[in-house]
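A short write-up of the structure that comes next.
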Amino acid sequence: DETVRLSVDPFGTTISAGAGSSVGDSQWHNRVSLEQTLAGSLKVTTSVEDAGAAQPNRSISAGFKRTW
């Protein structure tokens, strides 16, 4: 896998773009994602991946991480 990440700290945004191969085939698949920090530890991530099928894989997720 190869990935490039760009963080825009004043806005709490991270942009990632990369490519990787899967175990099922020998082709490289492109992907791009955007992670936005909303408040404190609450983050929303949107991603699109070319899975080699007719339709790309798309996802939106939200998460909260707290360590103490």
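In what follows, every heavy atom counts, from backbone to side chain, and hydrogens, waters and symmetry copies are set aside. Just so we're clear, the structure is a prediction, and the values are computed from it rather than from any experiment.
- Gln36 contributes atom CD, which lies 10.5 Å from atom CG of Leu42 (distance to the nearest 0.5 angstrom).
- Across Arg31 and Ala19, no two heavy atoms sit closer than the pair NH1-C, 3.8 Å.
- Note that CG of Leu34 and OG1 of Thr13 are 6.0 Å apart. Values are rounded to the nearest 0.5 Å.
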Worked verdict on Leu6 versus Thr14 for side-chain contact (heavy atoms from CB on, under 4.5 Å): CA-CA 6 Å; Leu6 173 65; Thr14 302; over 6 Å; no
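- Under a 3.5 Å cut-off, the side chain of His29 and the backbone N or O of Gly20 do not form any donor-acceptor pair.
- Here the CD-CD1 distance, from Glu35 to Ile15, works out to 11.5 Å after rounding to the nearest 0.5 Å.
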